Amino acid sequence: MGIRIKKPVEEIVIDLDGPQGNAFAIMATATDIGRQLGYNALDCATINKEMMQGDYPHLLRTFLKHFGDYVTIETTDELLIEEVERDAV
């Protein structure tokens, strides 16, 4: 072991227009990121359950509430963006 220059962290971007935008893929990403952040299995399951308690925009808002500091989501669907932003708490 030793000391080194810190490597920059790559930005995590989820393209909602591709396979990453599938609701199940987003929930799997939430679990993966949660584990990396030190969340236990119950915490990850609770977040996924919260994500499933509404429609797709709700799932995205919940994901961003928990992981928006670490992940950017993008889409070409302007109506979806408006809906997610409009109802964000």
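Note that the coordinates shown come from a computational prediction; the quantities given were computed from them, not determined experimentally.
Cluster annotation: L37 is not connected to V13 through the hydrophobic network of ILVMFWY side chains, with a link wherever side-chain heavy atoms come within less than 4.5 Å. Placement of V84 and I81 in two distinct hydrophobic clusters is found when ILVMFWY residues are connected by side-chain heavy-atom separations under 4.5 Å, directly or transitively. Under the 4.5 Å side-chain heavy-atom criterion for ILVMFWY residues, a single connected hydrophobic cluster contains both L64 and F24.
Note: N48 CG to F63 CZ = 10.0 Å, rounded to the nearest 0.5 Å. Separating the OG1 atom in T31 from the OH atom in Y39 is a distance of 11.5 Å, to the nearest 0.5 Å. Summarising the geometry, atom NZ belonging to K65 is positioned 7.5 Å from atom NE2 belonging to H58; distances are rounded to the nearest 0.5 Å. Atom CD of E85 is separated from atom CG of L80 by 9.5 Å, given to the nearest 0.5 angstrom. The structure places CG of L42 at 4.0 Å from OG1 of T46, a figure rounded to the nearest 0.5 Å. Of the inter-residue distances, the one linking E83 atom CD with R61 atom CZ reads 6.5 Å to the nearest 0.5 angstrom.
Considering only heavy atoms from C-beta on, L59 comes within 4.5 Å of M27 through its side chain. Residues I14 and F67 form no side-chain contact, since every pair of their non-hydrogen atoms from C-beta on lies 4.5 Å or further apart. Residues I26 and I73 form no side-chain contact, since every pair of their non-hydrogen atoms from C-beta on lies 4.5 Å or further apart. Between T62 and Q53 there is no side-chain heavy-atom pair separated by less than 4.5 Å. Two residues are said to be in side-chain contact when any heavy atoms from C-beta on lie closer than 4.5 Å; M51 and H66 fail this criterion. Looking only at side-chain heavy atoms (C-beta outward), I12 and T29 stay at 4.5 Å or farther from each other.
In plain terms, the two heavy atoms of C44 and R35 that are nearest each other are SG-N, 4.1 Å. Of all the heavy atoms in P19 and A25, the pair that sits closest is O-CB, 3.6 Å.
Here the side chain of D17 pairs a donor or acceptor atom with the backbone of T76 at under 3.5 angstrom.
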